[in-house]
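Working notes for the structure below.
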Number of protein chains: 2
Amino acid sequence: MVSLTPRAERLLKALIEQYIADGQPVGSRTLVKQAGLEFSPATVRNIMSDLEELGLIRSPHTSAGRVPTERGYRFFVNTLLAVKPLNTQDVASLEDRFLADQDPQQLIESVSGLLSQVTRLAGIVRVPRRAGVGFLQLDFLALSPTRVLVILVAQDGQVMNRVIHPKRPYSPAELQQAANVFNGAYSGRSLEEVRRSLVKALRRDSEDMQQILRSAVEMAHQVFAGEERGEQPLFVSGESNLLAFPELSDTEKLRRLFDAFTAKQDLLHLLDQSMVSQGVQIFIGAESGYEALESCSVVTAPYEVDGQVVGTVGVIGPKRMSYDRVISIVDVTARLLSGALSHGQAG
Amino acid sequence: MVSLTPRAERLLKALIEQYIADGQPVGSRTLVKQAGLEFSPATVRNIMSDLEELGLIRSPHTSAGRVPTERGYRFFVNTLLAVKPLNTQDVASLEDRFLADQDPQQLIESVSGLLSQVTRLAGIVRVPRRAGVGFLQLDFLALSPTRVLVILVAQDGQVMNRVIHPKRPYSPAELQQAANVFNGAYSGRSLEEVRRSLVKALRRDSEDMQQILRSAVEMAHQVFAGEERGEQPLFVSGESNLLAFPELSDTEKLRRLFDAFTAKQDLLHLLDQSMVSQGVQIFIGAESGYEALESCSVVTAPYEVDGQVVGTVGVIGPKRMSYDRVISIVDVTARLLSGALSHGQAG
DNA sequence: CTTAGCACTCCCGCTTCCTGAGTGCCAGGG
DNA sequence: CCCTGGCACTCAGGAAGCGGGAGTGCTAAG
């Protein structure tokens, strides 16, 4: 960890804040004026020179001002940033947004839009995996002789469903019976347990099972298969906000970035990483490890249901973002979301 | 409708095709060479002059070649375009994509991705309104004493659900009874009918209704309320493909365009418009009537379930797109989708 | 009616020049 | 020893100037 004189710290802080504000390289003269420093431009230049040697800032070219490096941002975020809590007004307006909605799934999805609106950046939300949730009930519904709707309900009110085409027709009575047996067998287990158990049951010979139950297992298993394929555990909103930033206007990079939003793979990994840690996490530029995000910073915070981390909310923007503001917003949002979900959960 | 000499038509066709191919204004010399015309550049210039007077082409500036106007594209599409059917290989590869998936909802959603991949433009899909579908069954499931999961199943296998918080606790038996009464009352009606009937029933005094049925009606109504709010009847994919086109690289326009993708309002209107007509529809530039789309063309085709138009698929790209190819693809895709859905429906 | 020829226009890319912002260094002063 | 004013130096970026080339419109001859 680099250590600086208080003056150098102050200077660096002023420089980065200035650069975040207007995106232009900042020179010694402007810095003195802007930040109201009590020493001269020449002194500032000397200090800047030191900071440059430490790799915290750099010049785009000889006669331009200085610009923060990723290391500079990192230092800024780690030690210079006073994360002032949001003023109560902002908190209140965020809270309002959480009152309107009640359905947990919808609430979670709406948070990405909320984040993108208040930060004017792109908002992301990692929705909970369903694995840990308790299994509540399974229903078979005959749509037609050869089409059966399988409905699987989890304890938190999530519903998974899928139309399947069984090999032979089943009567409603048979379906009812199968569902009963199935529900008896799996009641109270977690979805992940159910899924694993189903896989195992499918592998076993069908002989040691009632024919009807075997069919039920097969059908239920298809619900999971469908979920695994079609699941969208990640929501991104407000991508178009990023078009407003000149530093992201390189078409090729922009394309990569938007492809990453579509593919979601990389973002998912990133968010999963940040699920293990507690509190707000910040990935500056290349720190995320993904090329597409190298011109961006990502601020994330996990959220919980009844004390258990289940997902992550976050914001993606240019490296030059108002970290203090964004961090507060992401933090508060994650807390509010946790609160809303846990209340809803407790019923 | 403008009418041209055969030669002028041929010239215009060649010019537009050339421009579509490389995006550069095309001059008389290049046109002669490229299109293998048997008359001289000077003649071409004379004809071009006529075409310009008719508003079919224009010069970006004095010494540049000519570029099609929207009117030019329109004429091209209307009368010059020989929509060659896709070669069987392409059709086959499209067909493949329709085999893998079976769930209608998922299939429909995946089509927007499919279209964006094969055209390298943005794909859009308008999913069916649920109004016309038949109502199959309603279920109430007690999650906890104060939380009830309402599951509404339509005849086509679509499932709508919502967690509600009734004012007083209901026992599973009560819920079962309510569902039975409800299902008896509404079986066989369309969702729209059910919805309207629910609204009416809610207005009426509760006295002439069993208390339990009234609760059922209220709860069921909330499912529709939830659907109306959260419904996403439009899917867009491959937006990032559009970043590759220099004519769309104006940041401000790009932003508007992407905002339109997010807001979806305008696109929805456009697609609803094209649902009433049969077959492929083409909106060139300002023809769509939406500012955000003024640099784009939209190609759409409605798709059907059992002979009834239920939605629209389409492609959005720059005005300079390979209309013949895109039209074929959109057309075939709509047909294949209709086929897949109708088969699935018939069971 | 076509076509060759020709004068004309004007974008584009190239260079050149200049200006202004900003730096690095040095030498003097507290 | 550190700060500061001064000064020479660098360099991006805009303005101006300058062909070259692509393309046009017009005219006159075949």
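Remember, it's a predicted structure, so these values are computed and weren't measured experimentally. Hydrogens, waters and symmetry mates are skipped; everything else that's a heavy atom, side chains included, is used. Proteins get letters first, then strands, A, B, ... in listed order; numbering begins at 1 in each.
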If you apply the rule side chain to side chain contact (heavy atoms under 4.5 Å, CB included), what do you find for A:Leu54 with A:Leu4, and how did you get there? CA-CA 10 Å; A:Leu54 290 171; A:Leu4 299 178; 3.3 Å; yes

Taking atom [atom1] of [X] and atom [atom2] of [Y], what is their separation to the nearest 0.5 Å?
| X | Y | atom1 | atom2 | answer |
| --- | --- | --- | --- | --- |
| B:Thr69 | B:Ile16 | OG1 | CD1 | 7.5 Å |
| B:Glu291 | B:Asp266 | CD | CG | 10.0 Å |
| B:Ile316 | B:Leu248 | CD1 | CG | 11.0 Å |

Tell me which residues in [range] lie within less than 4.0 Å of DNA chain C, going by non-hydrogen atoms.
| range | answer |
| --- | --- |
| residues 37-53 of chain B | B:Phe39, B:Ser40, B:Ala42, B:Thr43, B:Arg45, B:Asn46 |
| residues 59-69 of chain B | B:His61, B:Thr62, B:Ser63 |
| residues 21-29 of chain A | A:Gly27, A:Ser28 |

Report the C-alpha separation of B:Phe76 and B:Tyr73 in whole Å, then their side-chain angles, then the decisive distance to 0.1 Å, and conclude whether the ring-ring contact (aromatic ring centres under 6.0 Å, His included) test is met. CA-CA 5 Å; B:Phe76 175 74; B:Tyr73 279 123; 7.3 Å; no

Less than 4.0 Å between a side-chain N and a carboxylate O, is that true for A:Lys13 and A:Glu17? yes

Is the count of non-hydrogen atoms from other residues, nucleotides or ligands lying under 6.0 Å from [X] atom [atom1] greater than 12?
| X | atom1 | answer |
| --- | --- | --- |
| B:Gln278 | CD | no |
| A:Gln34 | CD | no |
| A:Arg335 | CZ | no |
| A:Glu38 | CD | yes |

Who pairs with B:Glu252 by salt bridge (charged side-chain N to carboxylate O under 4.0 Å, His left out), at least two apart in sequence or on another chain?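 Counting only residues at least two positions away or on another chain, B:Glu252 forms no salt bridge (charged side-chain N to carboxylate O under 4.0 Å, His left out).
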
To the nearest 10°, give me the bend of the helix from C:dC1-D:dG30 to C:dG30-D:dC1, comparing the axes of its five terminal pairs at either end. 20°

Go through DNA chain C in 5' to 3' direction and return only the first and the last nucleotide with some atom under 4.0 Å of chain B's heavy atoms.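 Extent of the interface on DNA chain C: C:dT2 to C:dC11.
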
Side chains of B:Ser274 and B:Thr300 only: does a donor on one sit below 3.5 Å from an acceptor on the other? yes

I'd like to know if the side chain of B:Arg45 pairs up with that of B:Ser28 as donor and acceptor (distance under 3.5 Å, no hydrogens or angles considered).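 Judged by distance alone, the side chains do pair up.
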
Could you tell me which non-hydrogen atom of A:Ala244 sits nearest to which non-hydrogen atom of B:Arg255, and how far apart they are? CB-NH1, 4.3 Å

Considering all heavy atoms, the nearest B:Lys319-B:Tyr323 contact: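 Closest pair (atom of B:Lys319, atom of B:Tyr323, distance): O-OH, 2.6 Å.
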
